[in-house]
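Notes to accompany the following structure.
Read the numbers this way: they start at 1 and go in the same order the structure lists the ligands and their atoms. In this text the structure is predicted, and so the values were computed from the model without any measurement.
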Amino acid sequence: MSEIEIPEDHPRYQSLLTRHRIEEGVNRGITSKQGLIAEGRGEAFDYLLGERTIESADAAERAAAAQLLLADHPVLSVNGNVAALVAPEIVDLAEAVDADIEINLFNRTAERMEAIAAHLRDHGAENVKGLTADGRIPNLSHERAKVDADGIGAADVVLVPLEDGDRAEALGEMGKTEIVIDLNPLSRSAQVAAIPIVDNIIRAIPNITDHARELRTADHDQLAEIVAAFDPEAALAAAEAAIREGELA
Ligand code: PTJ
């Protein structure tokens, strides 16, 4: 048994655990109600993928680990769904690749910002960014434009999980390298990412961390080679094919 009273070998275990975490997130003021809908959309894609990390996603997660290790200033962006689903795993990844963690919300309120920061700190995050909001992403009208000047504002590589395409596009225009996690390979954020990861975030984040720990002793050229060998279009095409044609486990 785990945090939900369902055995881990239950066929719907992952989906039930995810729903439980999102519901808890809403109850605790971390996740927005829209986050419930976003989760439902993601779940449908995950079901069609067979709720597993396909080979092309694992390759993307390895390339993401290499890219984060190569970065001068990597930042992991966290919204209400990410905080509810993988707070301890995000803190672990930040430690493995020496990244900042920054909260960035679509439905930004002071209460949710504080609740998410407290939740991340409870899981060991030391310096949570996003609350200062003294920087702006140009050409973006909504709340997501608000960033910390010394966080996402100064980042060279940004991990952008579970969000719409506007900010992903605007960050790209700022010259930042983006790693996107999104179960929908057709979403605009996945389409504009240097490294799109089509996988459930609950599997993707720990797997990036495992790759990062394994690559810790790799030198600059080896890491750069892994990134250069990754083909984003091929990864998106493989994910779309798996969703359209894949056999369910
Ligand atoms: O906390 P906030 O205010 O910043 O709001 C966060 C949400 C997620 C509500 C907001 O960013 C939003 O509305 O996002 P979208 O446009 O629904 O996009 C979310 C994307 O994430 C969709 O393409 C989903 O398929 C995907 N997704 C949902 N759950 C998962 C997922 N991808 C990976 N893992 C998941 N568990």
Taking only heavy atoms of G35 into account, list the atoms of ligand 1 that are under 4.0 Å away from them.
9 (C)
Please write down residue, atom name and distance for the protein heavy atom closest to atom 23 (O) of ligand 1.
D182 OD1, 2.8 Å
Does any donor atom in the side chain of T53 or D199 lie under 3.5 Å from an acceptor atom in the other side chain?
yes
With R19, which of Q14, E24, E43, E39 fulfils side chain to side chain donor-acceptor pair (under 3.5 Å)?
E43
Among non-hydrogen protein atoms, atom 4 (O) of ligand 1 lies closest to F106 N, 2.7 Å
Could you tell me whether some N/O pair between R112 and ligand 1 is separated by less than 3.5 angstrom?
yes
For atom 13 (O) of ligand 1, what's the nearest protein heavy-atom neighbour? Residue, atom name and distance, please.
Q34 OE1, 4.3 Å
Assess whether side chain to side chain contact (heavy atoms under 4.5 Å, CB included) is satisfied between R112 and I103, documenting all intermediate values.
CA-CA 10 Å; R112 283 187 67 220; I103 307 168; over 6 Å; no
Can you tell which of S15, A38, G25 gets a heavy atom nearest to atom 28 (C) of ligand 1?
A38
Of all protein heavy atoms, the one nearest atom 34 (N) of ligand 1 is I201 N, 3.0 Å
of all protein heavy atoms, closest to atom 32 (N) of ligand 1 is L183 N, 3.1 Å
Mind checking whether S187 has an N or O less than 3.5 Å away from an N or O of ligand 1?
no
By number and element, which atoms of ligand 1 are closer than 4.0 Å to a non-hydrogen atom of L85?
36 (N)
R144 near ligand 1, heavy-atom distance under 4.0 Å?
yes
Suppose I only count heavy atoms of L105 and a 4.0 Å limit; which atoms of ligand 1 are within that range?
1 (O), 4 (O)
How about D182 and S187: does a side-chain donor come under 3.5 Å of a side-chain acceptor?
yes
To the nearest 0.5 Å, what is the distance between CG on N207 and CD1 on I202?
12.5 Å
Among all protein heavy atoms in this structure, tell me which lies nearest to atom 16 (O) of ligand 1, with the distance rounded to 0.1 Å.
D164 CB, 3.7 Å
Please confirm whether R41 comes within less than 3.5 Å of ligand 1 when only nitrogen or oxygen atoms on both sides are compared.
no
When you look at CD of Q222, are more than 12 heavy atoms from neighbouring residues, nucleotides or ligands closer to it than 6.0 Å?
yes
Is the closest N or O pair between T18 and ligand 1 shorter than 3.5 Å?
no
Quick check on contacts: which atoms of ligand 1 are under 4.0 angstrom from a heavy atom of D199?
33 (C), 34 (N)
Identity and separation of the nearest protein heavy atom to atom 6 (C) of ligand 1:
N79 ND2, 3.6 Å
Within the 4.0 Å heavy-atom shell around G80, which atoms of ligand 1 are there?
1 (O)
Drop me the distance from L236's CG to S56's OG, to the nearest 0.5 angstrom.
8.5 Å
Check R213 with E95, please: is the shortest side-chain N to carboxylate O separation under 4.0 Å?
yes
closest protein heavy atom to atom 7 (C) of ligand 1 is N81 OD1, 4.3 Å
Under 3.5 Å, is there a donor-acceptor pair between the H211 and D58 side chains?
yes
Has E55 got more than 12 heavy atoms of other residues, nucleotides or ligands less than 6.0 Å from its CD?
no
Quick check: are there more than 12 heavy atoms from other residues, nucleotides or ligands sitting under 6.0 Å from CZ of R136?
yes
